[in-house]
Amino acid sequence: MKRRDLIKLFEKNGWYFLREGGRHDVYTNGVQSEPIPRHREINEQLAKALIKKHKLK
């Protein structure tokens, strides 16, 4: 999955950029936070796991 597509999905569900980490950008919804790797392509299994974990639509 493309990184920008995953970020758009997070933002559509109320998440926003919090800060930069070493190799990740950290997104939050005010309660939870999730590091997103800074790669063009994100492993499909990781993307599916994040979507399922946070119940993104």
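Keep in mind that the numbers below use all heavy atoms, side chains included, and drop hydrogens, waters and symmetry copies.
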Return the CH2 to CD distance between W15 and E34, rounded to the nearest 0.5 Å.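 So the CH2 of W15 and the CD of E34 are separated by 6.0 Å.
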Euclidean distance, E11 CD relative to L6 CG, rounded to 0.5 Å: 10.0 Å
Let's go through M1 and L50 carefully: what are the C-alpha distance in whole Å and the side-chain angles of both, what is the deciding distance for side chain to side chain contact (heavy atoms under 4.5 Å, CB included) to 0.1 Å, and is it a yes or a no? CA-CA 12 Å; M1 174 177 246; L50 291 175; over 6 Å; no
Tell me whether R38 contacts the main-chain N or O of G21 through its side chain, where contact means a donor paired with an acceptor under 3.5 Å.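 Looks like yes, one N/O pair under 3.5 Å.
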If we ignore hydrogens and angles and just use 3.5 Å, is the side chain of R3 paired with the main-chain N or O of I42 as donor and acceptor?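 Pair absent, no side-chain N/O of R3 close to backbone of I42.
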Neighbour count above 12 (heavy atom, 6.0 Å) for Q32 CD: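 Counting other residues, nucleotides and ligands, CD of Q32 exceeds 12 neighbours.
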According to a hydrophobic-cluster definition based on side-chain heavy atoms being under 4.5 Å apart (Ile, Leu, Val, Met, Phe, Trp, Tyr only), do L46 and I36 belong together? yes
Path from V26 to I51 over hydrophobic side-chain contacts below 4.5 Å: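 The answer is no; the residues belong to distinct hydrophobic clusters.
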Nearest heavy-atom contact between N29 and Y16 is C-CE2, 4.2 Å
Just so I know, are the side chains of K2 and E41 near enough to count as touching, which here means a heavy-atom distance under 4.5 Å? yes
How are the rings of F10 and Y27 set relative to one another: parallel (under 30°), tilted (30 to 60°) or perpendicular (over 60°)?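 F10 and Y27: tilted rings.
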